[in-house]
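The structure appears below as structure tokens.
Throughout, protein chains are lettered first and strands after them, A, B, ... in sequence-line order, and every chain is numbered starting at 1.
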Amino acid sequence: MNRSQSLRIDLQQIADWVRPESRVLDLGCGDGALLAHLREHKQCRGYGVEISDDHVAECVRSGINVIQANLDAGLRMFANAMFDTVVLSQTLQAMHNAEGILLEMARVARQGVVSFPNFGHWTHAMSLLAGRMPVTRHIPYQWYDTPNIHLCTLKDFEVLAAKLGMNITGRAVFANGSSVTVLPALRAALAVYRFETR
Amino acid sequence: MCESYGELNAARSNAVLICHALNASHHVAGTHTNDPSSLGWWDNMVGPGKPVDTNRFFVVGVNNLGSCFGSTGPMSIDPASGKPYGASFPVVTVEDWVNTQVRLADVLGIERWAAVMGGSLGAMQALSWTIQYPERIAHCVAIASAPKLSAQNIAFNEVARTAIRSDPDFHGGDYYAHATVPKRGLRVARMIGHITYLSGEDMAEKFGRAMREANYQFHYEIEFEVERYLRYQGDKFSEYFDANTYLLITRALDYFDPAKATKGDLVAALAPARAKFLVAAFTTDWRFPPERSREIVEALIENGRDVAYAEIDAPHGHDAFLLDDSRYHRVVRAYFDSIAREVQA
């Protein structure tokens, strides 16, 4: 089996949106799975940014170009329009300055891809109605001990993207490992957006 | 002078060159026969099963020209005069060292190093390899380094050199003829250098304001433990290191600036490089802090080179590159694992 079989579902969607032989920047690249996949299957060249020592070591072992840095400090190391696609997968909700990172993404690449857990999922509403903050597979943290400080809904993201002058060119939503078509705003656990800077 | 560890493979593709920094030598790892105290300066990094695993790699340690540990230097006899070179020994540069290391590679039959690796000044040599001989280095491992010295770095070097050169026993560098050693100068040079190798945090942790006696003695002898430590380091150093070599190596540091030829443009300076890079820096290193390593990384990215950058949160300042830190060693080990895969392929 090739690696695409084991790729996380949002990463698989992101990979499908990346053009072969393009230059990719993966922000919060984790163990480098997406970049390794893109290198092997799409002959892409790219860099990852990651803060965790464990993940950096994993990337280095796999020969991934990983830069250990805190995304909240910005993408100063990368020049304008240096990449074809910049990816931020399941990290936006943990950024101090979510708006700032989106602007930085728009600066370094023509196309951006963002994935995040949908806070508008119906189970979250149920949880809130029951008087508790939601704890789910995609947001598996207690409120007092969570990296997720900027959770949002699909619509929230679309409004912010419009405000920042980003043109959304693709959206894919998932729940329980498969695509959601009916009532995505309530039923999507995970959203992936593709946008272009105007 | 050089030493080697491990076996060169049939394809001659598993050779790793280790470049030394200010006060080290070709003796990188292991101990010499009958001298258990002679542990190599990077023994925690290089050896069987270590991050740079000599079961897989043929590792070469080299002693640079101008050193006082075996290669020709100011202490060596000038065949023309029959006396030590002393002050007449030429000033050498990082580029000169790399040129001598290429000759060593030729003698060893190594067309291309699997990696050239170093920390601090050693990393500058590794970096220079990628510019001077891009076809002869597959990977560059540059730890705790900088693309050039800052004014502050040069200032510290100048204090050290002034201490040596103003020692009455220096005799303009020809102290061998006077059978003296400018020990006082060397001692101060080492003390000032040592302060820059440690982080403030590390010093506070190690010594704080700990005192020899419970109460102030109101004199200028050792009161504080940090004084005792610095004097000990200074004394030890002045017993074994050559003052002219100290001048020469600090000057090589000052002069290192590959972007000088490209009007300060480091991207252009690194344009010839073809190697893949691992760059690592330590958060508490204020001699060559992470932002200096990031300058290198940025220029490499701009050139589209393969580079991994690790910023290691270690408390030990510049010295961290010589110490056994698990996060640091894990990254180096991981990088050499990836090199080993390439070598086998």
*Taking the side chain as every heavy atom from C-beta outward, state whether B:I301 and A:F78 have any atom pair closer than 4.5 Å.*
yes
_Close side-chain approach of B:I312 to A:D53, heavy-atom, < 4.5 Å_ = no
*Taking all non-hydrogen atoms of both residues, which atom of B:S338 and which atom of A:G63 are closest, and how far apart?*
CB-N, 4.3 Å
_Show the nearest heavy-atom pair for residues A:A57 and B:A334, with the distance to one decimal._
O-CB, 3.5 Å
*B:R341 portion near chain A, given a 4.5 angstrom heavy-atom threshold*: side chain
*asked:* Please classify the contact of B:D337 with chain A as side chain, backbone, both or neither, using a heavy-atom distance under 4.5 Å.
replied: side chain
*Are more than 12 heavy atoms from other residues, nucleotides or ligands located less than 6.0 Å from atom CD of B:E291?*
yes
*In this structure, are over 12 heavy atoms from other groups packed under 6.0 Å from B:K206 atom NZ?*
yes
If I measure from the heavy atoms of chain B, does [X] come under 4.5 Å with its side chain, its backbone, both, or neither?
| X | value |
| --- | --- |
| A:R45 | side chain |
| A:I64 | backbone |
| A:M82 | side chain |

_Top contributor to chain B interface from A:N65, A:I67, A:V66 [non-hydrogen pairs under 4.5 Å]_ = A:N65
In terms of heavy-atom pairs under 4.5 Å, which option from [options] contacts chain A the most?
| options | answer |
| --- | --- |
| B:E342, B:E302, B:R333, B:K276 | B:E302 |
| B:E311, B:R294, B:R327 | B:E311 |
| B:D313, B:V307, B:L278 | B:V307 |

*A:M77 CE to B:Y309 OH distance, which is reported to the nearest 0.5 Å*: 6.5 Å
_Residue of the set A:V56, A:D54, A:V60 for which side-chain contact (heavy atoms from CB on, under 4.5 Å) holds with B:R330_ = A:D54
